[in-house]
2 protein chains.
Amino acid sequence: MSALHDHTHCIADALTRAEALCAERGARLTALRRRVLELVWSSHRPRGAYAILEDLSQQDGKAAAPLTVYRALEFLVEQGLVHRIESLNAYVGCADPGAVHSGQFLVCEGCGDAAEIDDPRVGTAIDAAAAERGFRVQRPTVEVRGLCKSCQENPR
Amino acid sequence: MSALHDHTHCIADALTRAEALCAERGARLTALRRRVLELVWSSHRPRGAYAILEDLSQQDGKAAAPLTVYRALEFLVEQGLVHRIESLNAYVGCADPGAVHSGQFLVCEGCGDAAEIDDPRVGTAIDAAAAERGFRVQRPTVEVRGLCKSCQENPR
DNA sequence: GGACATGACGTTACTTTATAACATCGTGCC
DNA sequence: GGCACGATGTTATAAAGTAACGTCATGTCC
């Protein structure tokens, strides 16, 4: 993600789509869950559960328990509104909830952004490789570490 | 991996190759590191650092510290002798050390085995997808969850 | 509208995974 | 032999995640 974009729009947009999707599915996007989703979306960088917890506690004044956040995250992941980045133990908002999720990410070592992509070639190649070995794919995970365009151009 | 194979051979083989590679590189495969490598290879299932630690402590009688194991694992991963499975927080022996590692795994939810593959189509697809977005790949991670052939045939 | 079922949230305690900081040991090199 | 450097030991602590159980809210059924 470019450093220059109207991120407020990203957040608002994500929340709107989440509301719509949950309403459609009869899933309960409670105030807490909405709040956690908002905090996950506070950047395009994957955020740890405890970072979110801290935000939550600061805003409310009262300290929330880890489980509070983990449960909300679990719900959001189940609904496909948030993805977990395994290699970072962190969570990031889904760019396109509702669509099929192949769970592919370009994770920048420079700025920390995780760009979600859905490249059919990658998905196809994984399916083919698995099929040849008689392996039934349930959940592919692709997390590519490297440097995003902007960080290559502006190294630190 | 099939449940029926001469696993002793796998271990011996892995150790032999590790010795050779380290000698070639001037890397020091100490007794401890060799030991940890052996324990990682005790199955084709990824093993957690603390599981290895436990084995180590049991065999030696004296309790080793976590850092002992983590440092050995760090060395082994650096040398490409062991891979870390991010989605499991666990480590597994590398099937083909010395070769280029694309870090692709088929992780079975049934038996827990992690089969390392190196499918050029997957690597190529990732490279292409990244290149189109101006992303410079440093370390791709592919961890596919699913069911291996044997577990599909013999469900529990 | 009240009893009930179900799911969401709170609380406490705990487990698992991982690292920091610093001391000591061991091996090779000159 | 003494030095340098990397490997290992030790202690303490951080970070990430879960179990068990209780309470509260929401909606449903009669």
Side-chain angles (χ1 to χ4, degrees), chain A residues 18-19 22-23 25-40 45-79 81-92 112 141 143, chain B residues 18-19 22-23 25-40 45-79 81-92 112 114 143:
Chain A
E19 301 270 16
C22 286
R25 293 170 184 166
R28 291 166 63 181
L29 185 62
T30 63
L32 177 63
R33 288 166 175 176
R34 208 186 125 96
R35 197 71 171 301
V36 170
L37 179 58
E38 202 173 347
L39 291 171
V40 168
R45 278 180 288 288
R47 307 202 69 204
Y50 280 75
I52 291 165
L53 179 59
E54 211 166 306
D55 292 352
L56 207 55
S57 300
Q58 279 195 349
Q59 291 186 13
D60 293 0
K62 63 181 175 186
L67 255 190
T68 301
V69 169
Y70 278 105
R71 283 195 285 224
L73 287 171
E74 185 186 13
F75 170 85
L76 295 170
V77 168
E78 269 169 12
Q79 296 298 322
L81 301 168
V82 161
H83 293 295
R84 176 181 161 82
I85 307 293
E86 301 291 347
S87 58
L88 294 174
N89 295 333
Y91 301 81
V92 73
T141 298
E143 296 173 9
Chain B
E19 302 271 16
C22 287
R25 293 171 184 165
R28 292 167 61 181
L29 185 62
T30 63
L32 177 62
R33 289 166 173 175
R34 206 186 126 94
R35 199 69 172 301
V36 170
L37 179 57
E38 203 174 347
L39 291 171
V40 168
R45 279 180 287 288
R47 307 202 72 204
Y50 280 75
I52 292 166
L53 178 59
E54 211 167 307
D55 290 354
L56 208 55
S57 300
Q58 278 195 351
Q59 290 186 16
D60 292 0
K62 63 181 174 185
L67 255 191
T68 302
V69 170
Y70 277 105
R71 283 194 286 225
L73 287 171
E74 185 186 13
F75 169 85
L76 296 169
V77 168
E78 269 169 12
Q79 296 298 323
L81 300 168
V82 161
H83 293 295
R84 177 180 160 83
I85 307 293
E86 301 291 349
S87 57
L88 293 175
N89 295 332
Y91 301 82
V92 72
E143 297 173 8

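Quick caveat: nothing in here was measured; it's all calculated off a predicted structure. Every chain is numbered from 1 and lettered A, B, ... according to where its sequence line falls, protein lines coming before strand lines.
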Starting at the 5' end of DNA chain D and moving along, which residue's nearest nucleotide shows up first, Arg28(B) or Pro66(B)?
->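 On the 5' side of the pair lies Arg28(B).
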Has Arg33(A) got a side-chain N or O lying under 4.0 Å from the OP1 or OP2 atom of dC9(C)?
-> yes
Nucleotide [N], atom [atom2] - distance to [atom1] of [X] in whole Å:
| X | N | atom1 | atom2 | answer |
| --- | --- | --- | --- | --- |
| Arg25(A) | dG7(C) | CZ | P | 18 Å |
| Leu29(A) | dG7(C) | CG | P | 17 Å |
| Tyr70(A) | dT15(C) | OH | P | 17 Å |
| Glu54(B) | dT15(C) | CD | P | 14 Å |

Side chains of Arg35(A) and Gln59(A): donor-acceptor distance under 3.5 Å anywhere?
->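 On atom types as modelled, these side chains qualify, holding a pair under 3.5 Å.
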Which heavy atom in [X] sits nearest to a heavy atom in [Y], and how many Å separate them?
| X | Y | value |
| --- | --- | --- |
| Ser57(B) | Ala63(B) | OG-CA, 3.6 Å |
| Leu88(B) | Pro46(B) | CD1-CG, 3.7 Å |
| Arg84(B) | Glu143(B) | O-OE2, 4.0 Å |
| Val82(A) | Tyr91(A) | CG1-CB, 3.8 Å |
| Arg34(A) | Leu29(A) | N-CD1, 4.0 Å |
| Ala49(A) | Val69(A) | O-CG1, 3.6 Å |

Working to the nearest 0.5 Å, report the span between CD of Glu38(B) and CG of Leu56(B).
->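 If I round to the nearest 0.5 Å, the distance is 10.5 Å.
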Spacing of CG belonging to Leu73(B) relative to CG belonging to Leu39(B), to within rounding of 0.5 Å = 10.0 Å
Near DNA chain C, which residues from residues 82-90 of chain A have a heavy atom under 4.0 Å away?
->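 None, since no heavy atom is under 4.0 Å.
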Could you list where the contact with chain A starts and ends along DNA chain D, reading 5' to 3', using a 4.0 Å heavy-atom cut-off?
-> dA16(D) to dT26(D)
Heavy-atom side-chain contact between Leu53(B) and Tyr70(B) under 4.5 Å =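 SC-SC contact between Leu53(B) and Tyr70(B) ruled out.
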For Glu54(A), does the CD atom have more than 12 heavy-atom neighbours from other residues, nucleotides or ligands under 6.0 Å away?
-> no
Does Phe75(A) or Leu67(A) map to a spot on DNA chain C nearer the 5' end, using the closest nucleotide for each?
->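 Closest to the 5' end, via its nearest nucleotide, is Phe75(A).
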Among residues 45-53 of chain B, which contact DNA chain D at a heavy-atom distance under 4.0 Å?
-> none
For Arg71(A), which contact category applies under a 4.0 Å heavy-atom criterion: base, sugar-phosphate, or nothing?
->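 Counting heavy atoms under 4.0 Å across all strands, the contact made by Arg71(A) includes a base.
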